[in-house]
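Below is one structure, written out as structure tokens; the observations come after it.
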There are 2 protein chains.
Amino acid sequence: MKKFNKKVTIVDIAKELGVSTAMVSMVLSGNGRKHRISNKASLKVIETARRLGYNPNLLARALRTGKTGVLGLIIADISNPFFAILARLIENEASRYGYDVMFASSDERAEKFTALGNAFLTKQVDGLIIVPVVESENIISEWQSRGIPIVSIDRYFSSLSVPYAVTDNFDASFQILKYITKRGYKKIAFVAKNTNLSNFAERENGFTAGAKHLNLKSEQYTVFKLDHFNREPGIDNLIKHILNNKFDIIFFSQNMIGIQGLSTLNKLNVSIPNEMAVISFDDSAAFEFNKPGITCFEQPLDQLAKKTLNYLIDMIDDRPGKNKDNEKFKGRLIIRESC
Amino acid sequence: MKKFNKKVTIVDIAKELGVSTAMVSMVLSGNGRKHRISNKASLKVIETARRLGYNPNLLARALRTGKTGVLGLIIADISNPFFAILARLIENEASRYGYDVMFASSDERAEKFTALGNAFLTKQVDGLIIVPVVESENIISEWQSRGIPIVSIDRYFSSLSVPYAVTDNFDASFQILKYITKRGYKKIAFVAKNTNLSNFAERENGFTAGAKHLNLKSEQYTVFKLDHFNREPGIDNLIKHILNNKFDIIFFSQNMIGIQGLSTLNKLNVSIPNEMAVISFDDSAAFEFNKPGITCFEQPLDQLAKKTLNYLIDMIDDRPGKNKDNEKFKGRLIIRESC
DNA sequence: TTGTATGCGTTATCAT
DNA sequence: ATGATAACGCATACAA
């Protein structure tokens, strides 16, 4: 593809006006006043720039200043609606601060996560927003020690001092459990992921701690764990097992697990909530449109996105500690008919 | 944030080995063989680079070569699952070619679309993948005349010669209509968007042309149009109108329209398919989990993504016409219980 | 086979 | 208030 009009640079403008590129640069980068460029000179420059169709080469500027105006976003999978919505909110916030964002999906794999982050850094992104994956502490720590501005969202590692914005998952599970018991259910199946990622671990801890706090007997609740990577189709069997063991409610600990579990229940023609009640973390179109609608816990994604960018921009602009450097946000129950 | 280890550059490596930066550059950019650098020299350079922890500054390279290795993706809204899935497929394909992608959501607004594209171009993306919006012909045409590699996906403008990969929407509607009539439905409400964007227009054309081809009488089908931007909540009223006028099936022309319409039908406790049958363009979790499941038409998104990147990479690498420069792909019906 | 020198477009330091 | 010029890190035409 040939470029027809070769690009016009500050040199062209300087030549056209018989002034120095220094002056042109100063006014065009918005530092005219700071350098006390006269008003008429400024205006002339601006006018000529427009007339010639000047566009700054942000690449050159970035090379000089060290700032690209681009953020790297690593989530688990952009095609998962949970992350898609999160990405949209992050996009909006980033844009408010004048940043563009490059995204990529880690598929929960540490090697891919590492490669993606390194690729972004080689491209000189100004900062990283990450959804950390299993076994990613070391690389994150390395990035941080290199001075990369980095914030994690949705999950965090307590062993690291990386700022984060996450849902208060412990409290969330506790809330859900209280609701379940208030509704009178007596034997609860908590379907979890077999992983120690903070978000899932705290959901489980919130559940078990809540059970103790509410004086539930051990026969009244069980925690089942599914493979984190969804490599085995274990959910069908698990659901059957739960059905066969007189549980009266299933508490799904996540979006995708809930959707899959629901799909299984539907296939088996289980009547909800009569034969089995259901409640799940995260909302989803599937939950809204299932009949009956599935009661669920909605995370405060907008707050997570806002706070994440707050932190990140502060780090990029060298204002550490202007904001408290991590926070957990409360979500809310969406009551429907399944529980 | 302070960077502790100042970055190591090819200069450092050259100094360390007492060779020229030219040589280092050649081997490190993978052009060692081309320039006939000796094997031992190459190995020494590579080893030292690794030892010193060298990372190429892609910004500098880009400034020099004019290629950033970044693609700009402008879709309507990343939080819409349709586009989220598309984005994921595009991400995968881009990665196969070694590209990263910056994304942004146009919200179907021409001004935003324009601003986003220009911002990406100022950042020197190597190419643009766009879902064109209403009134965007001019700016697209301008980009193209500037020699920007650009491919449109999902929709296209026949007035432009921009390569595209889209679903054969005309054929799709025809297929759906044939299925509807084969199933014996007699009075069809086609719920469309009031826009002349190619994808929606061709769905409508396929529908009306199909109706004529199948010798349907004009009383047997009606096209209803909703505001493209969803500014008015007209769908509730429209659904009621359709119910009151003895249609026996609704054909939703799109994802979001189908979901909203379904929501309304559910609120009104309409029994599907007895009181009203339903079929929709695009699949969705809502369609899968609704009871009854909604029959729908699935677009071949993977093929669209693949072809889009084929075209784009060929343009970037200056191989115009290696591929046929636009194509329409067939999708398929997913039969469920609603029709 | 390797080195020299220059430029990509911009910003920023020092002069004047 | 403005100009000259050296960087930023890399790639490449031309020499040797």
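For residues 23-38 of chain A, proximity to DNA chain D is found at A:Met23, A:His35, A:Arg36, A:Ile37, A:Ser38, defined as any non-hydrogen atom under 4.0 angstrom from a strand atom. Listed by residue number, B:Leu63, B:Arg64 are the residues of residues 45-70 of chain B with a heavy-atom contact under 4.0 Å to DNA chain C.
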Between side-chain atoms of residues 118-130 of chain A and protein atoms elsewhere (two or more places apart, or another chain), which donor-acceptor pairs fall under 3.5 Å?
{"unit_1": "A:Asn118", "atom_1": "OD1", "unit_2": "A:Trp143", "atom_2": "NE1", "d": "3.0"}
{"unit_1": "A:Asn118", "atom_1": "ND2", "unit_2": "A:Thr114", "atom_2": "O", "d": "3.4"}
{"unit_1": "A:Thr122", "atom_1": "OG1", "unit_2": "A:Asn118", "atom_2": "O", "d": "2.8"}
{"unit_1": "A:Lys123", "atom_1": "NZ", "unit_2": "B:Gly69", "atom_2": "O", "d": "3.0"}
{"unit_1": "A:Lys123", "atom_1": "NZ", "unit_2": "B:Asp100", "atom_2": "OD2", "d": "2.9"}
{"unit_1": "A:Asp126", "atom_1": "OD1", "unit_2": "A:Thr68", "atom_2": "N", "d": "2.9"}
{"unit_1": "A:Asp126", "atom_1": "OD1", "unit_2": "A:Thr68", "atom_2": "OG1", "d": "3.2"}
{"unit_1": "A:Asp126", "atom_1": "OD2", "unit_2": "A:Lys67", "atom_2": "NZ", "d": "3.4"}
{"unit_1": "A:Asp126", "atom_1": "OD2", "unit_2": "A:Thr68", "atom_2": "N", "d": "3.2"}
{"unit_1": "A:Asp126", "atom_1": "OD2", "unit_2": "A:Gly69", "atom_2": "N", "d": "2.6"}

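A:Phe103 pairs by the ring-ring contact (aromatic ring centres under 6.0 Å, His included) definition with B:Phe103, not counting sequence neighbours. With sequence neighbours excluded, the residues that form a side-chain contact (heavy atoms from CB on, under 4.5 Å) with A:Ala49 are A:Ile13, A:Leu28, A:Tyr54. By the side-chain contact (heavy atoms from CB on, under 4.5 Å) test, A:Ser38 pairs with A:Lys40, A:Ala41, sequence neighbours left out. In this structure B:Tyr156 satisfies the ring-ring contact (aromatic ring centres under 6.0 Å, His included) test together with B:Tyr164, sequence neighbours excluded. Every residue meeting the side-chain contact (heavy atoms from CB on, under 4.5 Å) condition with A:Ala60, not counting sequence neighbours, appears here in chain and number order: A:Asn57, B:Leu63.
Per the geometry, CD1 belonging to A:Ile10 stands 12 Å off C1' belonging to C:dC8, to the nearest Å. A:Lys44 places its NZ atom 16 Å from the C1' atom of D:dA1, with the value rounded to the nearest Å. One interatomic measurement links the two molecules: NZ of A:Lys40 to P of D:dA1, which rounds to 10 Å at whole-angstrom precision. For B:Lys15 and C:dT2, the NZ to P distance is 21 Å, given to the nearest whole Å.
Looking at heavy-atom distances under 4.0 Å, A:Val19 makes contact with sugar-phosphate atoms alone, never a base.
Contact annotation: A:Ser20 side-chain N/O to D:dG3 OP1/OP2 distance is under 4.0 Å.
Listed by first and then second residue, the side chain to side chain donor-acceptor pair (under 3.5 Å) pairs that reach into residues 19-31 of chain B come to none, sequence neighbours excluded.
Side chains of A:Lys44 and A:Glu47 form no contact here, defined as non-hydrogen atoms less than 4.5 Å apart.
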